[in-house]
Amino acid sequence: MNLLVFIISGIAVGMLIPLIPVYTAVLNRFTGGLYNSAPIIFGIGLVLTIGLKVLLTREVIWPVQVVKAPWYSFMGGAILAIYLLLTPLLLPRLGVGLTISLIVFGQLLMAVLIDHVGLFGNDTFPLNWPRAGGLLLIAIGVWLLKK
């Protein structure tokens, strides 16, 4: 695939992320609350990912190598649960735009930290003035959305 396809795919996935808490908030109204809707959403995700795995690989079993993975490699599920449980609480207080912009800013802060330190075996990309300037511009944008 060429770079443009990856860039467009990244933007498309990014456009889907703000819909998660919005749809969750809607489902909350019909299920009696967040603690009822979250397991439904995770269940749908589980069924879809298993279905895609079977469809694309024709395999039903999970890789044996998963037991060799370090404990922290499973934290994505916990982080997703925190995101799913917290964002619908923020939306009515902050609005979708500010909530998502704060989340994106937090994502970029963590990404820059991971790059700078080379966490989890990633290559290092030291924090420099252009990168710090980019973070500052995004922080200004978040601040402007608050106005």
Practice problem: Mind listing the closest non-hydrogen atom pair of Lys146 and Leu98 along with its distance? | Solution: CD-CD2, 3.8 Å

Quiz item: Is there a side-chain contact between Thr87 and Ile20 (heavy atoms, below 4.5 Å)?
Solution: no

Quiz item: Can you check side chain to side chain contact (heavy atoms under 4.5 Å, CB included) on Leu52 and Thr49, steps first, answer last?
Solution: CA-CA 5 Å; Leu52 280 173; Thr49 53; 5.7 Å; no

Quiz item: Does atom OH of Tyr35 have more than 12 heavy-atom neighbours, drawn from other residues, nucleotides or ligands, at distances under 6.0 Å?
Solution: no

Quiz item: In terms of heavy-atom contacts, does NZ of Lys53 have more than 12 from other residues, nucleotides or ligands at under 6.0 Å?
Solution: yes

Practice problem: Group every Ile, Leu, Val, Met, Phe, Trp and Tyr by side-chain heavy-atom contacts under 4.5 Å, then state whether Ile103 and Leu19 land in the same group. | Solution: no

Exercise. Please answer whether the main-chain N or O of Phe125 pairs with a side-chain N or O of Asp115 as donor and acceptor at a distance below 3.5 Å.
Key: no

Exercise. Check whether any side-chain heavy atom of Ile8 lies under 4.5 Å from a side-chain heavy atom of Val5, and answer yes or no.
Key: no

Quiz item: Between Ile17 and Val104, is there a shared hydrophobic cluster once you connect ILVMFWY residues whose side-chain heavy atoms come closer than 4.5 Å?
Solution: yes

Practice problem: Looking only at non-hydrogen atoms, find the nearest pair between Ile114 and Asn122 and report the distance. | Solution: CG2-ND2, 3.8 Å

Exercise. State yes or no: do Leu86 and Leu102 share one hydrophobic cluster built from I, L, V, M, F, W and Y residues joined by side-chain heavy-atom distances below 4.5 Å, directly or via other members?
Key: yes

Quiz item: Is any side-chain heavy atom of Ser73 closer than 4.5 Å to a side-chain heavy atom of Phe120?
Solution: no

Quiz item: Under a single-linkage definition using a 4.5 Å side-chain heavy-atom cutoff for Ile, Leu, Val, Met, Phe, Trp and Tyr, are Ile100 and Ile79 assigned to the same hydrophobic cluster?
Solution: no

Self-check item: Separation of Leu119 CG from Met110 CE (nearest 0.5 Å)
Solution: 8.0 Å

Quiz prompt | Considering all heavy atoms, the nearest Pro88-Thr24 contact | solution = CG-CG2, 3.7 Å

Quiz prompt | Separation of Ile140 CD1 from Leu135 CG (nearest 0.5 Å) | solution = 11.0 Å

Exercise. Could you grab the distance from atom CG of Leu84 to atom OG of Ser37, nearest 0.5 Å is fine?
Key: 6.5 Å

Practice problem: Measure across Val22 and Leu91 and return the closest heavy-atom pair with its distance rounded to 0.1 Å. | Solution: N-CD1, 3.8 Å

Exercise. Determine the minimum heavy-atom distance between Val142 and Phe105, stating which atoms define it.
Key: CG2-CB, 4.1 Å

Exercise. Could you check Leu113 against Leu109 for side chain to side chain contact (heavy atoms under 4.5 Å, CB included), going step by step and ending with a plain yes or no?
Key: CA-CA 6 Å; Leu113 174 66; Leu109 280 174; over 6 Å; no

Quiz prompt | Inter-residue atom distance Phe42.CZ - Ile40.CD1, 0.5 Å rounding | solution = 12.5 Å

Quiz item: So which heavy atom on Phe74 is nearest to which on Val66, and how close?
Solution: CZ-O, 3.7 Å

Practice problem: Would you give the length of the straight line joining atom CG of Leu85 to atom CG of Leu80, rounded to the nearest 0.5 angstrom? | Solution: 9.0 Å

Quiz item: Between CG of Leu48 and CD1 of Ile44, what distance do you get to the nearest 0.5 Å?
Solution: 7.5 Å

Quiz item: Heavy atoms, side chains only, cut-off 4.5 Å: are Arg93 and Leu90 in contact?
Solution: no

Practice problem: Find out whether Ile41 and Tyr23 are in side-chain contact, i.e. whether some heavy atom of one side chain is under 4.5 Å from a heavy atom of the other. | Solution: no

